[in-house]
Each structure stands twice: as structure tokens, then as C-alpha cells.
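Order of the sequence lines fixes the chain letters, A, B, ..., with proteins taken first and strands second; residue numbering starts at 1 for each chain.
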Amino acid sequence: MAVVAVDRQQGRAGRKGMRHGQHHLQSLAFLVPGAILLLAIVVWPTIATVRYSFYNGTATKAVGLSNYKSLFSTADTLIAFRNNVIWVLVFPFIVTVIGLVFAVLSERIRWSTAFKTVIFLPIVFSVTASSLVFTQIFQLDPHVGVLNAIVQTVDDWFSPPGAYPLSAGQSAASLATSGVVVAPHGALESSKTVSAGGTVKMGLTGISADTLTVLGARPAKVPTPSAGTVTGLVWRDFSISNPSNISAVYPDENGFADLHLALVRSDGSTVATTTTDAFGGFRFADVGPGNFRVQINASNFKPSFSGTFWLGPQSLTPTGNLSQTAEALLSIPLIDISMILAYLWIWAGFTMVVVAAGLAALDREALEAAHVDGATEWQTFRRVTIPMLAPVLTVVLVTMVINVLKIFDIVVNLGIDASQPGGQASTLASDVYYLGFGGGVHTGLASALAVILFVLVVPAMLFNLKRISGK
Amino acid sequence: MSHVRASLSASRRHKLFSVAAFTGLLGLAVSMVPTSASTASPALGHIGGSISLWAEWTSTEQQDFEAVLAPFEAETGVTINYSGKGSNMDTAIDAAVAGGAPPQVALVPDPGTVLALAKKGAIQPLAPVLGSEASNYGAAWNKLVTYNGKLYGVWFKGANKNTIWYNPAEFALAGIKKTPTTWQQLLTDAATLKRAGVTPFSLCTDIGWPVADLWQNVYLKTAGATNYDALAAHTIPWTGPTVTTAFNTLAELIGQPSYLLGGTKGALANNYPVCVDKVFPKPGTMPQAAMVIEADFIVSEIVGNSSGYTAGTAGAGGKKCTASPAGTPCYDFFPFPAPAADQKNSSAIQGSGDVAMLLKSTAAAKALIKYLGSAEAGEIWAHLGGFASPNKLVPLSSYPDPVTQADASELQHATSFVFSLDDLQGSWEPSLWQDMLNFVKNPTAKNIASIQKTMQAQATAALGH
């Protein structure tokens with residue numbers, strides 16, 4: 001942009017100069033400070049970067065094209081390139097549409113200035129601050145991350161967690177300690193069969209003492225057997241005083257309270273259900289003849305939703321059997337989408353304001369004519385408003401394309417580890433930074449990548465320049 | 001070398017910050033403790049003049065270091081112009097030597113810098129200066145700064161990565177009375193903790209450096225210091241059997257998702273220092289795991305979370321340690337255990353340290369080097385806390401608590417001492433961290449083989465051999 005401005009100034013100055021020779025020198029004198037600045041901070045660094053891209057890491061030896069070769073021979077560059085493509089394909093379009101929708105809607109509501117102010121506010125914050133906010137929103141732990149807290153609430157609403165939820169990575173089978181086996185369909189059941197008048201003891205471990213205490217557990221006690229009844233105990237078979245001894249019931253071991261149990265026949269059919277008391281004891285009365293097993297429902301141990309790793313490396317597309325190169329090119333990591341969401345929040349206000357300015361300048365007569373001719377709101381929007389807004393929308397879109405081609409700040413701030421070269425969130429601009437100033441300082445590689453990025457941005461820039469100068 | 005140095009910063013950033021905070025907190029507590037040991041400086045006599053001195057320490061650490069220097073200045077009449085360079089110390093000293101205006105004495109956090117400068121002839125051999133004081137350090141320490149048979153550095157401050165920190169109250173919940181001394185016992189205790197419903201480990205992963213530190217501990221304990229140094233220099237390949245053994249050993253722990261807080265998924269989202277807070281939480285929350293495997297610099301994070309944390313397993317005022325940080329919470333560590341079959345490596349230690357070197361041989365500079373190598377200088381900072389000296393003559397009684405004493409004792413008795421291998425890898429260090437995270441994600445034999453191949457290729461490309 002700066003280049004254009006100066007070119008046009010020069011042009012104007014030139015024409016004036018021809019008409020008024022005495023002003024020629026004066027104009028030049030006015031131009032010199034700007035030109036020097038431009039040379040020093042734009043033109044010279046650009047030339048130097050191109051030159052460095054043909055030198056080694058410390059810029060001491062010319063190495064020809066080897067920097068470019070090594071960039072194109074690693075998956076790191078492919079991953080960064082893929083992420084830039086994802087950004088360019090997804091972000092500009094969505095942010096333009098959101099801006100358009102907000103702009104159109106804000107014309108029809110009361111308090112539209114307040115609405116616009118709120119939507120516009122994020123662009124005023126530094127991206128680093130916004131990233132910190134979103135780092136918290138995306139946290140894995142539902143106690144910290146709002147997004148996972150919402151998902152957890154909804155998830156728990158549809159399928160509530162059990163009283164004794166398993167911790168991450170823990171299986172129900174690992175709880176079975178004494179007198180308990182894993183049934184063929186995965187539930188835990190008594191290892192021995194029992195008939196009326198009999199008693200079973202089922203020891204479980206892997207659940208913390210605190211969890212039991214909170215649920216009102218008391219020291220484990222085997223209920224007294226009685227005729228016609230199956231009695232038993234489910235208890236926490238872990239004694240602090242005897243940590244390695246299992247199957248004996250120690251005084252410092254508590255019963256599992258409120259555990260849902262079922263009495264099943266060998267064919268799997270349920271005879272009766274019950275829950276344990278505070279001592280871990282249970283009784284199935286009037287069970288009739290036959291041999292049974294006591295089953296502990298899997299729902300007792302259902303873990304709560306543990307959160308989605310929104311900033312994690314997992315891919316939204318299956319990448320199972322792909323080669324490393326294909327995987328680098330084809331996977332769409334969730335972190336990209338999460339970062340795009342955060343970036344939408346930041347930029348939606350900007351596009352809204354630009355589109356709203358375009359809307360305000362629209363020819364109202366055309367809109368009224370459409371209404372008079374009987375067009376519906378949607379038809380007017382689709383056939384009249386959008387075509388008339390097209391030039392503004394294009395500028396917004398192209399500006400956003402350039403914006404995300406060099407996407408850097410949010411990637412580094414929100415991606416942190418994943419933005420390192422080869423990381424699932426890395427982009428060309430973040431790679432330039434890390435190669436040049438991060439871990440291993442390599443001026444050559446960083447410059448070569450910067451040149452590639454420059455070449456990629458040029459077409460979009462030329463397009464915008466042409467539009468501006470065409471007006 | 002420059003890229004090697006820059007790569008240090010990422011992991012060191014945390015450490016510097018934490019150590020500074022630690023020192024500040026302990027400083028407050030310790031100022032009330034009566035100083036029993038003598039802090040008189042060695043007989044140096046009046047010298048006069050001034051010296052320029054550079055080290056990495058800034059803020060609170062700088063104040064502590066200046067407290068160390070004060071008796072020297074008083075005794076000798078030498079004015080010390082100290083300049084704290086932060087994490088840029090290595091780069092700064094390189095630039096100063098190249099520019100021809102180096103300080104007279106400098107402390108660097110990297111023995112590689114000492115060897116490189118010795119090779120250039122930019123620093124002076126210390127044997128004539130130190131005399132018998134050189135023997136105050138274990139052979140393992142002096143070996144690190146010996147070039148062509150001559151000693152070029154005197155160690156002043158050490159840091160220990162050979163530590164596993166645990167919450168004693170959580171161990172009590174599982175009835176564990178003795179800390180493990182072998183890798184196998186560690187795994188058994190982890191299983192016991194799990195049976196008691198306590199998650200054994202909060203595994204720090206961050207951007208990979210904590211996993212690299214952990215893996216390096218396992219490698220040092222299984223393969224020994226000689227192999228460790230060879231792998232660091234890449235004279236043995238990453239595809240070799242010792243590397244496979246280390247990965248397989250660590251997989252015995254990492255491969256048990258239920259041993260890791262949050263399972264594998266949760267472990268991969270466990271940043272430093274949040275991973276420490278899960279074992280040593282702030283008041284208002286309870287610990288979620290029993291152990292965290294990190295270097296001694298995490299003490300700053302622990303005591304920063306609540307000033308109630310007491311070093312050791314006894315608890316404050318003779319009360320039992322509680323899990324609740326609102327009660328009488330405690331912290332302690334045990335040395336990273338070697339497998340039963342590799343107990344010969346149990347005193348091999350991974351860590352880091354600051355080493356002083358002499359750039360200009362003036363009377364005042366030589367006296368300062370001698371002073372830094374003396375027990376008296378180390379004792380002053382030991383009293384202030386947040387400091388462990390590799391100097392055998394610094395009495396353990398000068399440290400403020402039993403945990404720091406045990407930490408310092410480990411450093412002094414190290415049979416071999418190695419620096420972080422990842423920090424010596426130059427440009428591929430971030431890739432190494434990624435590889436470590438990849439291992440945590442999928443610690444199967446097949447993936448280990450593929451990771452080893454990748455690492456070998458990355459090392460070859462970055463180091464050129």
C-alpha cells in the first residue's frame with residue numbers, strides 16, 4: 001500500500017513539476033525524507049532478505065539454491081503450507097459472510113450502535129490478549145475451559161456420570177481386585193456363583209478414599225446371611241495399614257455406598273436389582289432356587305466427559321494409513337479450526353464496519369424499487385443488495401486473504417508448542433520466525449521461506465492494487 | 001555454536017524465572033534463621049582496583065549473588081562491577097570476546113562455552129590460581145571444564161534434574177512409607193497408588209522439553225554417562241540399542257495411561273508449571289496426582305503456590321503432612337531411580353550449573369576466582385536459599401531445609417554429571433521435543449522404532465554427521 005501511495009504522489013508531483021518548473025526541486029525535497037525511510041525499512045530489507053536466502057545459516061557463505069531445496073524436502077514446510085491453505089480457504093469467506101450478516105442485521109435493530117461497538121471491540125485488543133482469553137476458553141479441563149464446560153454440561157445431561165467415575169485411562173476391569181471378574185460383556189461380577197442363603201464378598205480398588213467418604217461410606221461390614229436371601233458386600237479392598245494384602249476386610253476399609261447391583265442367572269437374565277447401603281452391604285430377598293452371580297452395573301463407573309483438546313494436534317480427517325507427506329498435506333488439525341474461531345471473534349467487527357459503510361452508501365432507490373416490484377426480503381438481499389455490495393465484499397475478502405496468508409500472531413500465541421516448525425498449527429510466517437529467531441537461528445532458511453511467502457502474497461496484493469488504482 | 005545457545009533459552013526461561021521467585025520467597029523466611037556458620041572470607045589481603053564480572057543472574061538472584069560478593073569487596077578493597085546478562089549470558093560472552101572487550105571474570109551456564117573459549121585461548125587455566133581448592137569438586141564436575149588436561153572453570157552453582165518430587169500426604173494415602181530406590185520399585189509404588197485411587201504422576205509435557213529431561217534421566221540410568229556423552233555428541237546413533245532400551249524402559253510408565261493424570265490425552269495437554277500445581281496445588285484445591293518428575297527448580301513453583309508448604313515429610317510444627325494446601329502441606333523428592341540391574345548408574349546425575357572462568361589474569365580477578373571456589377562464598381548463598389553448591393566444602397548444615405540439603409548432597413556426590421542432552425543438539429532441539437511428545441502419544445515398540453529412525457535422520461541433518 002505504501003508503495004502505491006508514494007508512486008501516485010510522485011506521479012502527481014511529476015505532472016505539477018512540468019507545469020510549474022520552480023516547484024520541481026521543492027517537491028523533490030519534500031519527497032526525500034519519505035523516500036529514505038521507504039528505502040531503509042522496506043526496499044533494502046526486501047533486497048537483503050532475497051540475498052540472505054542464498055546464503056548459509058550465519059550469512060557467511062553463498063550456498064545457491066540449497067535453502068530452497070531443503071525447505072521443499074521436509075514435511076515441515078508442507079504442513080505450514082497446508083495450514084496457510086486451510087486459513088485462506090476457510091477464514092476470509094466466513095469472516096466476510098459474518099461481517100455482511102452483522103452489517104445487514106445491525107441496520108434493523110434498535111441499539112445498533114451498541115451492538116456494533118460490542119462486535120467491534122475485540123479488534124481493539126491486542127491479539128496476544130485475545131489469545132490468552134481463548135487459551136482459557138479452549139482449556140481441556142472442563143473446570144477451566146468454558147467450551148468444554150458447556151459440552152460437559154450437555155453431555156452429563158443426556159448421560160449422567162456414575163457415582164464412582166473412572167479416571168482418564170482407567171478401565172472398569174482394573175478395579176476388580178478380589179472375588180470380582182470381568183463378565184463377557186464388560187461389566188464386573190462376582191467370580192463365584194451364589195444361591196439363596198449364600199454370601200459374596202466383592203473387593204474393588206482404584207477409587208480414592210475421598211470419593212467414598214463424600215458419598216457417606218462407613219467401614220465395610222458383611223451383612224448376616226439369611227435363608228432365601230443372597231447377601232454380600234462390595235468394599236474398597238485397600239488398607240493403608242496393609243497396602244499389599246487383599247481379600248481380607250480390614251477395619252480401615254470402607255464399603256461402597258449406593259452402588260447399583262443386579263442379580264443375574266448364568267444365561268444373563270436379571271433376577272433382581274438393589275443398591276448397597278453405607279457399609280457396602282446388600283441383600284436380594286426371596287431369590288428362589290438356582291445359582292446366581294452378582295453384577296455391578298457399568299453405569300456406576302461411567303466417567304464424566306473429560307474434555308476435548310481443542311488446541312490439540314488431532315486431525316478432523318482420517319489419516320490412518322497415509323504416508324508422512326500425504327498426512328502432512330491432507331490432515332485438518334482441530335487446532336486450526338479453534339484458532340480460526342478465535343480469529344473470527346477478533347476480525348468480525350472489522351468486516352462488519354467496512355460492509356456497513358458500503359451498505360450506507362447503497363442506492364436506496366434500487367432497494368425500494370425491488371420492494372415495489374414485490375420482491376421478498378431474501379430476494380432483495382440476494383439479487384439486489386449483494387450484487388451492489390460486491391465491490392466492497394471483494395475488497396474485504398482480498399484484504400482478509402492477504403491478512404491470513406501472513407497469519408502469525410494468533411498462531412504463535414494460541415498454538416504455542418503446536419506453532420513450532422513441524423507442529424500441527426505452524427504456518428509459513430511462524431516458521432519464518434522460528435527458523436530465523438527461534439531455536440536454531442538460520443538466517444538462510446528463514447529468508448528463503450520469507451521469499452516464498454512474499455511470492456505467494458504478491459498475486460493477492462496486485463489484485464487489490466489494481467482495484468484501487470482502477471478507481 | 002550460536003544456534004546451540006539460542007535453543008537453550010526456551011527451557012531455561014522457565015528455570016530462571018522460577019529460581020528467582022524461589023530465592024525471593026525463601027530469602028524472606030531464611031533471614032530470620034540465625035546464621036551459625038562462619039561467613040568470614042579467606043585471607044586475601046588488600047588488593048584494590050576494580051573488576052568487571054558477568055553472570056546470568058538478575059533481580060533477586062542478582063541481590064543474592066551481590067551478597068556473596070560483598071565480603072570479598074570489603075576484604076580486598078576491590079570494586080566489582082557486576083552485570084547480570086539473563087538468559088543471553090553465553091551469547092553475550094561470545095560477542096564480548098569477539099569484540100575484544102570481555103569482562104575479567106564471567107560465570108556461564110554452559111561448560112561448552114568454557115571449552116570453546118579455552119580452545120580459542122580466550123580464558124586462563126585455573127590450576128595455578130586455585131591450587132588445592134580444585135579438589136573441592138568431584139572429578140565429574142572438573143572433567144566438564146577440563147581442556148587439554150587443564151582446568152578452566154570453577155563451579156559455583158549447580159542444579160539437579162535427577163529428582164522426582166512427591167506429595168508425602170498422597171504417598172500416605174497409599175500406605176507407602178519408603179520412597180523407591182529402583183525403577184521397578186517406582187512402578188510397583190505407582191501401581192499401589194493407583195489401587196488406592198491416587199493417580200501416580202502428573203506428567204509434564206509442555207512443548208516437549210520436560211519429556212526430554214525425563215527421557216534423558218532414563219537414558220543416563222540405563223546406558224550410563226559414557227553412552228550419554230556419546231549420544232549427546234552423536235558419535236553413537238539414535239537407532240542404537242541403548243536408545244531403544246531407554247525408550248522401552250520409559251514406556252513401562254508412559255504406556256500405562258491410568259498412571260498419568262488425565263490419561264495420555266491429559267498428559268499431552270499438561271504444560272509447565274501447571275503440571276506442578278496438580279501435585280502441589282494452591283489453597284482451595286486438592287492434589288490430583290502424587291508425583292511430578294522435574295528438576296529442583298520447581299521448588300519455587302511449589303512454595304509460590306502456598307507459603308504453607310514445608311520441605312520434607314515431617315510437616316510443620318510436628319503435624320502430619322496434609323494433602324490440603326490449607327493445612328500442613330509438604331513436599332519432598334527422591335533421586336531418580338535406576339533399574340535394579342543398572343544400580344551402578346544411580347549416582348550419575350543430569351543437571352546444569354554455573355561455572356566461573358578467568359578471562360584476564362589480574363591479581364584482583366585471580367583473587368575473585370579463588371574466592372568463588374571457596375566454601376565461604378557458597379555458604380552465603382546457601383543460607384539465602386534457592387542455591388545448591390557442587391563444592392564439597394560447603395557444609396550441608398548451611399542449607400535452610402532438609403530437602404535442599406539432600407539436593408546439594410546429591411550434587412556433591414555425583415559420580416558423573418551430565419548436562420541436558422537436548423540443549424546440545426543445536427537446531428534440531430525443537431524437533432527432538434516433538435519426537436518425545438510423539439513417543440508419549442504412542443509408546444509402542446513399532447512407534448519407538450520409527451521415532452528412533454526419525455531422530456537419527458534429524459540429528460544427522462542438523463549436526464552434519
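- Tested against A:Pro333 for a side-chain contact (heavy atoms from CB on, under 4.5 Å), the candidates A:Leu316, A:Ile79, A:Asn83 yield a single pass: A:Asn83.
- At a 4.5 Å heavy-atom cutoff, the contact between B:Thr192 and chain A is made by backbone and side-chain atoms alike.
- At a 4.5 Å heavy-atom cutoff, the contact between A:Ile246 and chain B is made by side-chain atoms alone.
- The aromatic rings of A:Tyr164 and A:Phe301 sit tilted, their planes meeting at an angle between 30° and 60°.
- Less than 6.0 angstrom separates the ring centroid of B:Tyr166 from the ring centroid of B:Phe171.
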*For B:Phe439 and B:Trp215, what are the C-alpha separation, side-chain angles and deciding distance, and is it a ring-ring contact (aromatic ring centres under 6.0 Å, His included)?*
CA-CA 10 Å; B:Phe439 163 69; B:Trp215 185 88; 8.5 Å; no

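- For A:Ile207, the part sitting under 4.5 Å from any heavy atom of chain B is the backbone (N, CA, C, O) and nothing else.
- Of all the listed residues (B:Ser431, B:Ala269, B:Pro257, B:Ala323), the one sharing the greatest number of non-hydrogen pairs under 4.5 Å with chain A is B:Ala269.
- Here B:Ala196 is the residue among B:Gly175, B:Gly262, B:Ala196, B:Ala174 with the most heavy-atom pairs under 4.5 Å with chain A.
- Neither the backbone nor the side chain of B:Ala461 comes within less than 4.5 Å of any heavy atom in chain A.
- From B:Ser258, atom OG reaches atom CG of B:Leu193 across 11.5 Å, with rounding to the nearest 0.5 Å.
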